[in-house]
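To find a chain, count down the sequence lines: A is the first, B the second, and so on, and within it residues start at 1. The basis for the numbers below is simple: all heavy atoms, side chains too, and nothing from hydrogens, waters or symmetry mates.
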Amino acid sequence: MNIIVNGNETHIVEGSVVSDLIRSLGLNPVRLAVELNRRIIRRAQWDSTTVLEGDRVEIVHFVGGG
Amino acid sequence: MADTLIIAGREFRSRLILGSGKYASFELMVKALEASGTEMITVAVRRVNLTDRAKESLLDHIDTKKYHILPNTAACYSADEAIRTAMLAREVLDNNWIKLEVIGDEKTLFPDNQGLLEATRELVKEGFVVLPYFNDDLIVARRLIDAGAAAVMPLAAPIGSGLGIQNFTNLRILREQVTEVPLIIDAGVGTASDAAIAMELGADGVLMNTGIAGAGDPIAMAEAMNLAVRAGRLAYKSGRIPRKLYASASSPIEGLVR
């Protein structure tokens, strides 16, 4: 199925949870924040929150800024 | 007693807060942070790069035990965007501090004080320690403090402009009138004397980024800013002499050889 991650269409396996998504994207799971359809998914919920077809996911981290 | 900066009960030995943007490399940034003596660093919240995953992450280079991280809401143009960004920032390091920016204009990056107040109220309600960047306006400062801001951070000049302090009168009035929370001068510092003057005015701290990151030698400029902030603070506390129009001799008149 397809979802939108950081504005890009992304294919993932049906039934994936947030931690599966992060793994499949090859991201280091520390020091990230995740929003699913504009709702923050706290780290403790990453293993239990299923991602559905068409969901919009934002994955952010810190970059240099003033 | 040590002359420390205390914000929301947290103590900082350095009164200099540094941004982490615009450095040519992480290595240069780390050395500049070190030379500045800072203990608090601002960062921005952005999407993870999914096409270039090999890219190093900022936090791989910053020792979060040594430096307190102050995420910002830069480039947010409404209270809603700023609140959303702050909520995300809180999750990254489980840290509820936020440098709140609600920008009102792209060319000047001047704050939208209305949106800023709205976002401050909401984020304080959500349990954040809010440090808002705002125009040097006493009435806005009072409203931000009423809304629960942990410090107020007036600009000295537009962000990244390096113009130094443009409105002495407003900042002096703010210094006299704002007694409830720390007053941090944020944005516009171009060189060491600007930082020293900000501190001589009585600011509790100074926040800067471009003035160091954009300097020819950022590490040396970071050291200069470190010294300037300390010198300015010391001068402020020492009680400067009044300004007079005419001379007053330093050497005695008596005993002059005739």
Side-chain angles (χ1 to χ4, degrees), chain A, chain B residues 17-26 29 41-51 53-62 64 69-75 80 84-95 99 101 109 133 159-160 186-187 189 207-214:
Chain A
M1 65 175 189
N2 288 328
I3 59 170
I4 310 285
V5 182
N6 289 357
N8 300 305
E9 190 149 292
T10 308
H11 183 80
I12 58 158
V13 179
E14 225 155 297
S16 292
V17 291
V18 170
S19 22
D20 295 331
L21 170 65
I22 288 169
R23 212 170 305 126
S24 77
L25 291 169
L27 299 174
N28 181 353
V30 297
R31 295 156 164 187
L32 293 179
V34 178
E35 209 187 48
L36 176 65
N37 300 324
R38 300 200 65 143
R39 205 167 50 90
I40 302 253
I41 308 297
R42 305 211 66 180
R43 199 170 290 272
Q45 267 84 56
W46 286 4
D47 285 334
S48 56
T49 306
T50 310
V51 184
L52 300 173
E53 173 85 39
D55 276 353
R56 301 188 77 91
V57 182
E58 292 289 335
I59 305 175
V60 303
H61 65 162
F62 289 151
V63 301
Chain B
I17 305 171
L18 239 58
S20 55
K22 296 185 179 173
Y23 284 95
S25 69
F26 284 131
M29 177 193 75
I41 300 168
T42 66
V43 299
V45 179
R46 290 295 179 269
R47 283 173 164 172
V48 166
N49 189 333
L50 296 173
T51 48
R53 283 160 226 171
K55 249 185 157 176
E56 288 175 284
S57 171
L58 175 74
L59 286 185
D60 294 341
H61 298 271
I62 295 177
T64 53
I69 302 296
L70 179 63
N72 70 29
T73 62
D80 283 349
R84 184 184 182 193
T85 303
M87 297 284 193
L88 281 164
R90 179 163 63 177
E91 293 301 310
V92 176
L93 275 184
D94 203 16
N95 159 8
K99 174 188 165 182
E101 294 183 37
L109 296 178
Y133 151 77
I159 293 174
D186 176 7
V189 169
L207 193 161
M208 65 181 77
N209 188 345
T210 310
I212 291 176

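Scanning residues 4-20 of chain A against chain B with a 4.5 Å heavy-atom cutoff picks out A:V5, A:N6, A:G7, ordered by number. Within residues 43-59 of chain A, the residues approaching chain B closer than 4.5 Å by heavy atoms are, in numerical order, A:R43, A:E58, A:I59.
B:R46 pairs by the side chain to side chain donor-acceptor pair (under 3.5 Å) definition with nothing, not counting sequence neighbours. Remark: B:R84 pairs with A:E35 by the side chain to side chain donor-acceptor pair (under 3.5 Å) rule, at least two apart or across chains.
Of all heavy-atom pairs spanning A:G66 and B:E101, the tightest one is O-OE2, 3.7 Å. Scanning both residues, B:A44 and A:G64, for their nearest heavy atoms gives CB-O, 4.0 Å.
Contacts between B:T64 and chain A at a heavy-atom distance below 4.5 Å involve the side chain alone, from C-beta outward. Both the backbone and the side chain of B:A89 come within less than 4.5 Å of a heavy atom in chain A. At a 4.5 Å heavy-atom cutoff, the contact between B:D94 and chain A is made by side-chain atoms alone. Neither the backbone nor the side chain of B:I17 comes within less than 4.5 Å of any heavy atom of chain A. Within the 4.5 angstrom heavy-atom criterion, only side-chain atoms of B:K99, from C-beta onward, approach chain A.
With respect to chain A, the highest number of heavy-atom pairs below 4.5 Å among B:L207, B:V92, B:L93 belongs to B:V92. Comparing B:N209, B:T42, B:V48, B:L59 by heavy-atom pairs within less than 4.5 Å of chain A, the highest count is held by B:V48.
Taking CG of B:L58 as the start and CZ of A:R31 as the end, the distance is 9.5 Å to the nearest 0.5 Å. Taking CG from B:L88 and CG from A:L32, the interatomic distance works out to 11.0 Å, rounded to the nearest 0.5 Å. Distance check, rounded to the nearest 0.5 Å: CG of B:D60 to CZ of A:F62 gives 13.0 Å.
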